[in-house]
Every structure is written in C-alpha cells, then in structure tokens.
Amino acid sequence: MGASIPVSVTSFVGRSAQAAEVVALLGAHPLVTITGPGGVGKTRLAAAVAPDAVAVALAELREPELVAAALAERLGLGDQTTRTPVDMLVDHLGQRTALIVLDNCEHLVDACAELVSALIAGCPGVRVLATSRQSLGVPGEWLVPLAPLPVPAPGTPLAELAAAPVVRLLVDRATAVVPGFAVTERNAEDVVRLCAALDGLPLAVELAAVRLRSLSVGQLADRLADRFSLLDRGRAVGPARHSTIHALIEWSHDLCTPGERLLWARASVFPGAFDLDAAEQVCAGGGLAAADVLDAVTGLIDKSVLQREEHRGLVRYRMLEMVRQHGEQRLRGSGGEAAVRARHRDRVAALVDGFAAGWFGPGQVDWIRRVRRAHADLRRALDFCAGDPAEAAEGLRVAAAAKEFWMAHGLTAEGRLWLGRLLAAAPPDAPARGRALWLLGFLAFMQGDRDACRAALDAVPDTDPLASAYRTLTRGYLALVDADDERAALLFQEAVDALGAAGDRGGQVWATCTLGLALARAGDPAAGRQVLVGAIAQCQAIGEVCWRAWALWALSALEYLAGEPAAAREAGLEVMRLQRRVDGRTVVTLTLTTLAGAATHLGEHRRAARLLGAATAAARALGTALTDNTAFAGHKQRDTAAVIEAIGAQAAGEEFAAGLATGIDAAVAFALGESAQAPARGPAVGLTAREAEVAGLVAQGLTDREIAARLVIAPRTAEAHVANVRAKLGVRTRAQVAAWVAAGG
C-alpha cells in the first residue's frame, strides 16, 4: 500500500491492537472487513484507523442501486453519462492510491460486493475498509472479527482492574454522568459483575453507564441480572450478546415517559440527523403534543437514546443505528408507521415545494443547500411513496418538483431511478405523470441517452400544458445538439411562450437562454444577443444566479460563433465571477471551452491551450467529454489546429497538460487572470507531511473537493487541511499558497 493512503493507529480504549492489525492488513490486501455483532465498535474502529479516508455511511441508504452513486458523489464525480457509476469510479480511481471506508454494509451486502469487486479488479492502488455484521464474500477479502472487550476476572488486583479496557470505558462514560466516579476497593467486585453482565460490549457499557446517575454499580449489576434472567426465559435460542443489547435498550425504553417512547418510535423515520422543528412536525400528535416534544427530546438525550450534535449554530439529533432500529420495530408494531411516514413525507414535500417556489430568486443558493442537507430524507420519503400505490402519485409530484435539485447537483442517474420507480407505481391518471415524464426524458438527455429521452417525451400527455411546454423545451435541446438550429430556435420560442403563459418565470428564462443561442446559430446573432441580454438583466434584477450564469455562457458562445472573441471573453469571465457564489461545474466547463476559443482568435494561443486542458479535465469529472456536443466539435478541432500551428505541438501539448492538471477553482482563477504573490519568507512554517502534500495540490490548482478526491479523504478534512496551510503560511488566498510552493516551499 502506498504511503499516501491515510491510515493511522489512533489510540482509543481497548482497540489499539486491532487497529494495528487492520492497518497491517490494509498494507497487503485490497479489502479488509471488520465484522462483529452490533454494538461491538466496528464503526468506531474504522474511524480510528482511517480518519482521513472517504467514508460512505450506508446506514442511511436503503437502495442497492445507489451504493456506487453515493461513493461517486462523495468523490465529486458527476453522472452525465449512460455509463454506470461503478465504471466511472473505476476510471476515476484507476491508477490512484486511495482508501475508501464502506460503513454498515450488512443490509446492502450484494451491492457492496459488486462495487468492491470492480474496484479491486480495476484499481490496483485502492484499498477498501468495510464494516459489516457479515463478510462481503469477495475473493481476497480479509476478515477482522471484532470481539467484545475482555472482562476482568473476579479478584483482579485494583490497579490491574482499573487499567482493563472495559473498565476504563465504563469509568469514562460514568464520569460524564457522575463526576468523580472511580473504581475503588469497595466497588471493585460490583464493577467486575457489571462488566461481565454487559458482556464487554462497548455499546452496552455506554447504554448502562447512564443508569449510574441514579443507581450504584452494585444496584445496576443486580438489576441487569434480573432483566437478563427474564429475557432468557422468554428466548428460545439466540446469541447472549444480542440479548444484552436488547435488554439494555428495552430497559431504556421502560424508563422513558409515554411521550419519550412515542418520540423514540416516531423519530425512527428519520434516516439521519433531524432538528427540533422536524421532530415537532413529524412526531407530534396522538398522545404527544407539539409543545411537549422539546421535553421529550431532552429526556431521550439524558437517557443516551438521542445523540446531540451542533454545526454552525444548528443543533440536530440522531440515534445510533441499533437504537433507531428498536424504535422502528416499536413504530411498526404500533400500527402507526404509515401515518408517521406520511407526515415525514409531507415535511419533505413542503421543503421541496419551497425550493421549487424559491429557486428563481435571491434565495436560490440557500434553497439548494437546504435540500441537499435533506437528501437522505428525500430518499426515504420517495421510497415510502414508491412502495405504496396510494402514495405514489404524491411521490411523483415531489420528485418532479425537485427538478432543479437533480440537475444542480448532477444527480441525473438518481433522479431517473426515482422517477422510474414512481411512474411504475403511480396510477395512469396521476396528475404529475406528464411532468415526471418530461423530466425523465430531460435527465436521460443529460446522460446522452437519446432513445430513452425521446421515448419519455413521446409519452407526455397533451392535457398538461406545463409538461407539454417542458417537452417542447427538451425537444429543442435534441435539435440543438443535432445542429438542427432552425428547428431548435422554433421549439425554444414555442417553449418560451408556453412557459410564460403558464406563469413559470424560471422555466421561461431557462428556455430564453437556449433560444438566444439557437437564434444565433440559425443565422440571426443580433436577435439572439437581444434575447440573452434581456434574460441576464431579468436574472440580475432579482438576484438570481444559476440561470444568469447559463445565459452568460450562451452569450459567450454566441459571440464566439459570431466572430466577436473579445465580447465572448467578457461574458465568459462574468460566468467565472459568479462561480464564487454557486458551484455550477457544468456551466463552468462549457465556459472554459468558449474562453479557450476566444483566446485562440485573440492570438493568446498558450492561454487557449491551457484553458482547453482545464475544460477537458472538468468534463471528465462530470462523466462527459467536450466532443459530446456535436454543435461545437468542429470549432474545437479548428481552434486546436490553429493553436498547434501557432506555437507548435510540443508547446501546445505542455500547456494542455498543465490545464489538464488544473482543478476548477484554479481554472477559474487562471481565466480571471488573478496573480499569485508569494508571502514573505519567514521562519519554518511547520507544515505536516499531509499539509505539505495538500499545499502542493493547491499549487496544482485543485479545489478542496478535488483534493479530497485525489487523496481520497473526506471533503471537510481537505477543507480543514487547506485552512491549516493558509494559517501556517500566513496567507489568505490559494494563489498565495501556490506562489509559496513555486518559490521553494
């Protein structure tokens, strides 16, 4: 295993030896799976061994088809291609050295095995660390069974007892609720009895320790013994350790107030973290008033049923997976699951409706972030709808209303998945069927699947004016990429009129952007320019960003095709400036291409070659290629030939390669002509080896997300490394970091 794979032996209670074993195995084998019963600490061990790896938490995921897509999304890859996410991952990771963590695989074993098998076969530098209650069954897999912590024997000397890992864990958790708790000669025997009763399971220790707030160690051990005896009498066969966890969770449940029990069961519908507003909207009612939800939340936190986390001033709550599953079983047994899941779906639907209504306006970027934060909830809501024909029509409406979410985040494959499932489940007369069908067709178009696109569009009913308008818009795109410019212009104008009549301002501006470019290509650049300038002004007037960027790209492309390279550059640079507010990688990729063409015709041949290299790299990350757009392929070929003729093949190749190694942020900075000024050389800045590596990647122009993908670490980890580098160098910009590296670092 290459030295750049970020593994470490983090010291934590009782697992240092196992951590060292996992690290050693990862050095020699492509797949290591940590196995063991629930509550034994598999996830915690993986996090300790590989804190910087890209970790995909699968507990929140239910759809096998999305396992590979989830990893691709973490790596910042798009899916604008008909190729499978597995194939894209193999291409992207091919010769890279990388460590990937797949956490909680047991409910998605087959999909995980398929993904890992492909990575092992096609990516020799990739190592996978999995956690699962069962093996993945992949050839070459090495298992690390994780056993409970050893339980000290009765009569163990006090010093040795206090040093035992399970006792250290107990003391650590106990002092959180009983400050000053310690193992003494007086309670030593009871501590041994308690640890034995808990089978040495870390989760059991954590769940039991909270009881020490009201019981002594001896009383707790006695009560656990009584509970386990009752449970064993009612259990025919089964692992004792499962009984231990089950009994502790049941005890926690018994100690809850009626309101806390209701909240526990109902909150299990959340696949991940949720806030107080969500709990009040989804969990209140039928024995739990909305005004009492906060007290119930507080009570469940006190009992360690809910875990509290805070980020940027927002407090959210989540359950450990075994605790959530217990609540889910209670909810299912109560007969109220459908009603709670419907309320959860309604909350998600309200969020998506707000997103759809607020998309074309000044709050656009905030709405995108809010829906992205609720992505797991959106999946759970759509899954609920797809599984019940009575709910499928509403699910279809929600999936269609989220159209900009699927497009803005490049989630075209996932959008197609949900739309396909919901269309199959919904009745033929579902009101949103037409809107879902045109969106299904457009997402297929984005992936280059023209046949599927046409089939979906042909199925759109003429009875839905809005769906028909978007169908016309999408057919305009088909004509545009086929270079049938006159037909494209006619279709786009028809879509503009129809969307305007329907009161869909965002859709109307979208169609206007494409109309302007089509008019220019059909031989009327003046008319196209007028249309685009008007769309840009409309977007700017209300503070909208995304469609303004697209309109500016269309204007840049128009001016380029019209032989006005200076104007093309001006419009393209404005797109680059907007990217400081929104991450629109598709429009940046296209704009880099037009900027490269403008530079060619302005005689800036080296700049043109570098921009074209950057555009090519960006397109690959999206899962597409610059040649996919046949309307511009001929111009690209002519520009490339002109650059080679002007500066020679070697110089052109060198500049293209430099651009190919450039990330989006650096490409934007290069396009804008931002200069890099090295910071004053001072004393040694003390960068760690990892920080020095990150600084080098910053100098290559990689964004935080691209650094995370290159090193296969979490995006937040990459962001933290870059922040540390800036702080230690005493600089504010990435360009200054690059200059420091160039000056000898």
Minimum heavy-atom distance Val545-Leu578, with the two atoms named: O-CD1, 4.2 Å
List for me each residue that meets side-chain hydrogen bond (donor to acceptor under 3.5 Å, both in side chains) alongside Gln364, sequence neighbours excluded, and say none if there are none. Glu544
Output for pair (Leu532 CG, Thr514 OG1), nearest 0.5 Å, gives 9.0 Å
Which residues satisfy the side chain to side chain contact (heavy atoms under 4.5 Å, CB included) test with Arg638, sequence neighbours excluded? His635
Tell me, do Phe405 and Ile368 make a side-chain contact under 4.5 Å, heavy atoms counted? no
Can you name the side chain to side chain contact (heavy atoms under 4.5 Å, CB included) partners of Arg487, sequence neighbours left out? Ala479, Asp484, Leu491
Can you pull the side-chain hydrogen bond (donor to acceptor under 3.5 Å, both in side chains) pairs that have at least one residue in residues 467-478, sequence neighbours excluded? Asp458-Arg475, Asp462-Arg471, Tyr470-Asp504, Tyr477-Trp510
Measuring only between side-chain heavy atoms, which start at C-beta, is Phe360 closer than 4.5 Å to Cys546? no
Is a donor on one side and an acceptor on the other found under 3.5 Å between the side chain of Ser556 and the backbone of Leu552? no
How many angstroms lie between atom CG of Leu66 and atom CG of Leu71, to the nearest 0.5 angstrom? 12.5 Å
Working note: Glu73 + Val56, criterion side-chain contact (heavy atoms from CB on, under 4.5 Å); need CA distance, chi angles, decisive distance, verdict. CA-CA 10 Å; Glu73 186 181 358; Val56 182; over 6 Å; no
With heavy-atom distances below 4.5 Å as the criterion, would you say the side chains of Leu555 and Glu574 are in contact? no
Atom CD of residue position Gln538 - does it have more than 12 heavy atoms of other residues, nucleotides or ligands inside 6.0 Å? yes
Find the distance between CG (Asp485) and CG (Leu519) and round it off to the nearest 0.5 Å. 10.0 Å
Quick one: does Arg74's side chain have a donor or acceptor within less than 3.5 Å of a partner on Ala70's backbone? no
Using the rule given for side-chain contact (heavy atoms from CB on, under 4.5 Å), can you reason through Leu478 versus Leu457, listing the C-alpha separation, both sets of side-chain angles and the distance that settles it, and then say yes or no? CA-CA 11 Å; Leu478 287 168; Leu457 296 181; 4.1 Å; yes
Note: Ala615 and Thr589 closest approach over all heavy atoms is O-CG2, 3.6 Å
Cationic tip of Arg569 within the cone over Tyr560's six-membered ring, i.e. under 6.0 Å and within 45° of the normal? no
Residues which pass side-chain hydrogen bond (donor to acceptor under 3.5 Å, both in side chains) with Asp497, listed by chain and number, not counting sequence neighbours: Gln493
Closest non-hydrogen atoms of Arg607 and Ala671, given as atom of the first, atom of the second and distance, are NH2-O, 2.9 Å
Inter- and intrachain pairs under side-chain hydrogen bond (donor to acceptor under 3.5 Å, both in side chains), touching residues 524-533, at least two apart: Arg529-Glu559
Show the numbers, then the answer: is there a salt bridge (Lys or Arg N to Asp or Glu O under 4.0 Å) between Asp91 and Arg620? CA-CA 10 Å; Asp91 277 356; Arg620 289 177 181 174; over 6 Å; no
I'd like to check Val698 versus Val725 (side-chain heavy atoms, cut-off strictly below 4.5 Å). Are they in contact? no
Who pairs with Thr591 by side chain to side chain contact (heavy atoms under 4.5 Å, CB included), at least two apart in sequence or on another chain? Trp553, Val575, Met576, Val587, Thr594, Leu595
Holding to side-chain hydrogen bond (donor to acceptor under 3.5 Å, both in side chains), I want the full list of residues that pass it with His601, two or more places apart in sequence or in another chain. Asp639
Verify, without hydrogens or angle tests, whether Arg521 (side chain) and Leu480 (backbone) share a donor-acceptor contact under 3.5 angstrom. yes
Given the rule in the salt bridge (Lys or Arg N to Asp or Glu O under 4.0 Å) test, do Asp366 and Arg372 qualify, once you have shown the distances and angles that lead to the verdict? CA-CA 10 Å; Asp366 181 60; Arg372 185 173 185 83; over 6 Å; no
Could you go through Leu93 and Leu75, starting from their C-alpha distance and side-chain angles, then the distance that decides it, and tell me whether this counts as side-chain contact (heavy atoms from CB on, under 4.5 Å)? CA-CA 10 Å; Leu93 294 170; Leu75 291 172; 4.2 Å; yes
Run Leu573 and Arg577 through side-chain contact (heavy atoms from CB on, under 4.5 Å) and show every step you take. CA-CA 6 Å; Leu573 293 180; Arg577 295 184 188 100; 4.0 Å; yes
Interatomic spacing from NE2 in His721 to CG in Leu697 - rounded to 0.5 Å: 11.0 Å
Inter-residue atom distance Leu611.CG - Glu604.CD, 0.5 Å rounding: 9.0 Å
What is the distance from atom CZ of Arg373 to atom CG of Leu378, rounded to the nearest 0.5 Å? 14.0 Å
Grab the two heavy atoms, one from Val460 and one from Ala467, that are nearest each other, plus how far apart they are. CG1-CB, 3.9 Å
Which residues pass the side-chain hydrogen bond (donor to acceptor under 3.5 Å, both in side chains) test with Trp359, sequence neighbours left out? none
Grab the two heavy atoms, one from Ala608 and one from Thr600, that are nearest each other, plus how far apart they are. CB-OG1, 3.3 Å
Please tell me if the side chains of Leu439 and Leu419 come closer than 4.5 Å, counting only heavy atoms from C-beta onward. yes
Do you know the tightest heavy-atom contact between Pro85 and Ala68? CB-CB, 3.8 Å
Tell me every residue that passes side chain to side chain contact (heavy atoms under 4.5 Å, CB included) with Ala667, counting only those two or more places apart in sequence or in another chain. Leu592, Ala614, Thr662
Quick one: are Phe355 and Arg370 in side-chain contact, heavy atoms under 4.5 Å? no
Could you pull out all donor-acceptor pairs under 3.5 Å where a side-chain atom in residues 441-448 meets a protein atom, sequence neighbours excluded?
| unit_1 | atom_1 | unit_2 | atom_2 | d |
| --- | --- | --- | --- | --- |
| Gln447 | OE1 | Arg416 | NH1 | 2.7 |
| Gln447 | NE2 | Asp79 | O | 2.9 |
| Gln447 | NE2 | Thr81 | O | 3.1 |

Pairs under 3.5 angstrom only: tabulate donor-acceptor contacts from the side chains of residues 641-661 to other protein residues two or more places apart or in another chain.
| unit_1 | atom_1 | unit_2 | atom_2 | d |
| --- | --- | --- | --- | --- |
| Gln650 | NE2 | Glu654 | OE2 | 3.3 |
| Glu655 | OE1 | Arg610 | NE | 2.9 |
| Glu655 | OE1 | Arg610 | NH2 | 3.0 |
| Glu655 | OE2 | Arg606 | NH1 | 3.3 |

